[in-house]
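Single-structure report; data block below.
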Amino acid sequence: MVGKARGDDVKAAVSAALECGYRHIDTSYLYQNEAAIGEVLKEWFSSGRLKREDLFITSKLPMIGNREKDVSRFLLKSLAMLGLTYVDLYLIHYPVGFIGKDDNDIKPKDEEGNTVLDFETNLEGIWRGMEAQVDAGRAKSIGISNFNSKQVERITKLGRIKPANQQVEVHAYHMQRDLRAVCEKHSITVCAFCPIGAPHMKIRTEKHPPLLEHPLVVKIASQRGKTTAQILLRHLIQHGLVVIPKSVRAERIKQNFQVFDFELSPEEMAQLDTLDRGGAGRMFTCDFFKGIERHPEHPFNIPF
């Protein structure tokens with residue numbers, strides 16, 4: 001929900017969201033905002049406005065922690081910053097391992113600007129480390145993020161505890177039908193990040209305008225008296241997806257929550273489904289991790 005927002009922005013966003021009725025907070029060690037979220041949670045808990053069990057909190061293992069022996073350390077760090085004794089869901093943020101100089105070197109680079117990759121990344125070992133967090137009571141459930149279909153199959157085959165959730169990019173331009181089918185086969189729920197198409201990212205052409213400005217989405221929104229974001233979120237919800245729109249603006253946060261008082265018709269759903277561009281619709285490419293495509297576990301090295 002709060003994505004990569006930090007500092008006062010994230011504190012204001014979390015407070016606004018809790019006021020609106022949000023009860024799921026999605027964060028990560030990589031986002032560097034867990035301490036700020038923890039401050040807000042402490043205020044709400046100490047005032048009696050919420051109890052810990054009222055919230056569902058997700059965090060993620062950073063790429064520099066993608067080793068079996070490091071999982072506990074990084075989850076404990078996240079819990080300390082959040083001021084919690086457990087998270088409801090802990091995810092492997094990305095299947096590629098990095099080698100950082102220390103625990104704060106979350107995006108390690110060499111002298112040429114390439115990401116320092118750990119070519120000994122062992123997903124099976126990492127998953128054993130994740131299972132240990134459930135055994136220790138530090139995570140109620142565990143899952144994966146940005147895994148491709150083959151990686152999903154590997155984890156479900158070997159795991160003593162099956163992944164509860166896969167968090168992955170899904171929106172009307174990139175519906176991930178094949179990957180979602182694999183997850184459904186294994187009873188893994190899918191959580192969609194970038195559900196309104198990440199307007200700050202790359203697809204901005206005349207042929208394929210940002211989803212929030214697409215004529216079809218604008219038309220349906222106008223007919224419904226809703227925002228285009230609300231239409232896009234409702235579309236995914238009706239496909240059975242969990243959605244985590246990111247915003248730090250109180251009004252947008254409130255609007256994004258107002259998607260349960262209407263339902264798109266079968267015709268509208270079918271129209272929105274035609275926007276799917278398959279792999280060409282992906283907006284999240286991880287380009288900010290230079291050279292990551294060289295890693296054998298880079299998930300985008302196969303179609304889905």
Side-chain angles (χ1 to χ4, degrees), residues 1-19 22-94 96-108 118 126-127 129-146 164-165 167 191 193 242 244-248 253 288-289:
M1 181 204 72
V2 291
K4 299 173 185 177
R6 299 180 185 173
D8 290 341
D9 283 343
V10 74
K11 287 192 282 187
V14 173
S15 293
L18 293 176
E19 290 283 0
Y22 285 81
R23 294 297 180 261
H24 178 199
I25 297 175
D26 179 85
T27 185
S28 170
Y29 187 92
L30 184 68
Y31 301 159
Q32 298 183 293
N33 61 15
E34 290 174 314
I37 293 170
E39 290 181 34
V40 178
L41 295 180
K42 182 179 179 180
E43 292 174 7
W44 278 72
F45 294 156
S46 61
S47 69
R49 286 179 287 176
L50 283 177
K51 298 178 181 178
R52 169 64 184 92
E53 55 267 29
D54 295 329
L55 298 179
F56 190 98
I57 298 177
T58 301
S59 190
K60 310 179 191 76
L61 177 72
M63 288 78 102
I64 59 170
N66 272 358
R67 284 166 292 279
E68 182 176 356
K69 67 181 180 63
D70 291 338
V71 178
S72 292
R73 185 170 84 256
F74 280 99
L75 177 50
L76 285 168
K77 282 177 171 286
S78 287
L79 289 173
M81 289 186 283
L82 290 165
L84 304 175
T85 59
Y86 70 91
V87 291
D88 297 276
L89 176 63
Y90 197 51
L91 305 177
I92 302 174
H93 201 153
Y94 204 79
V96 173
F98 295 174
I99 301 176
K101 295 187 292 292
D102 53 46
D103 290 352
N104 296 315
D105 189 20
I106 56 174
K107 298 178 183 179
D118 180 1
I126 300 168
W127 191 251
M130 297 288 285
E131 291 176 327
Q133 306 315 302
V134 178
D135 297 338
R138 291 187 284 264
K140 296 290 187 181
S141 59
I142 50 177
I144 52 183
S145 180
N146 298 299
N165 178 259
Q167 189 176 124
C191 178
F193 71 75
V242 178
I244 46 171
K246 179 259 180 185
S247 179
V248 295
I253 289 170
F288 42 88
F289 294 122

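What you are looking at is a predicted structure, and each value in this text was computed from that prediction instead of being measured. Index from 1, following the sequence.
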Please report the interatomic distance CE(M63) to CD1(I92), rounded to the nearest 0.5 Å. 12.0 Å
Salt bridge check, R49 against E19: does any charged N sit closer than 4.0 Å to a carboxylate O? yes
Tell me whether D70 is salt-bridged to K77, with the criterion being a basic N under 4.0 Å from an acidic carboxylate O. no
Would you call R23 and L50 a side-chain contact if the rule is heavy atoms closer than 4.5 Å? yes
Spatial distance of atom CZ (F45) from atom CG (L84) [nearest 0.5 Å]: 6.0 Å
N/O donor-acceptor pair under 3.5 Å between N66 side chain and F98 backbone: no
Assess whether a salt bridge exists between D54 and K51, defined as any Lys/Arg side-chain N lying under 4.0 Å from an Asp/Glu carboxylate O. no
Taking the side chain as every heavy atom from C-beta outward, state whether T85 and R52 have any atom pair closer than 4.5 Å. no
Name the one of N33, I25, D9 that satisfies side-chain contact (heavy atoms from CB on, under 4.5 Å) with V14? I25
Find out whether Y90 and L79 are in side-chain contact, i.e. whether some heavy atom of one side chain is under 4.5 Å from a heavy atom of the other. no
Rounded to the nearest 0.5 Å, how far apart are NZ of K140 and OG1 of T58? 14.0 Å
Nearest-0.5 Å distance, CD1 of residue I244 to CG of residue D26: 4.0 Å
Give, for atom CD1 of I57 and atom OG1 of T27, the distance between the pair rounded to the nearest 0.5 Å. 9.5 Å
Y29 side-chain N/O to D103 backbone N/O, donor-acceptor pair under 3.5 Å: yes
Side-chain contact, heavy-atom cut-off 4.5 Å: L55 with W44? no
Backbone N/O of D88 and side chain of S141: donor-acceptor pair under 3.5 Å: yes
Within the structure provided, determine whether H93 and Y31 are in side-chain contact (heavy-atom separation under 4.5 Å). yes
Test R73 against L76 for side-chain contact (heavy atoms from CB on, under 4.5 Å), laying out the working first. CA-CA 5 Å; R73 185 170 84 256; L76 285 168; 5.9 Å; no
Looking at CD1 of I64 and CG of L30, how far apart are the two atoms once the value is rounded to the nearest 0.5 Å? 8.5 Å
Short side-chain to backbone donor-acceptor contact, R67 and I126, under 3.5 Å: no
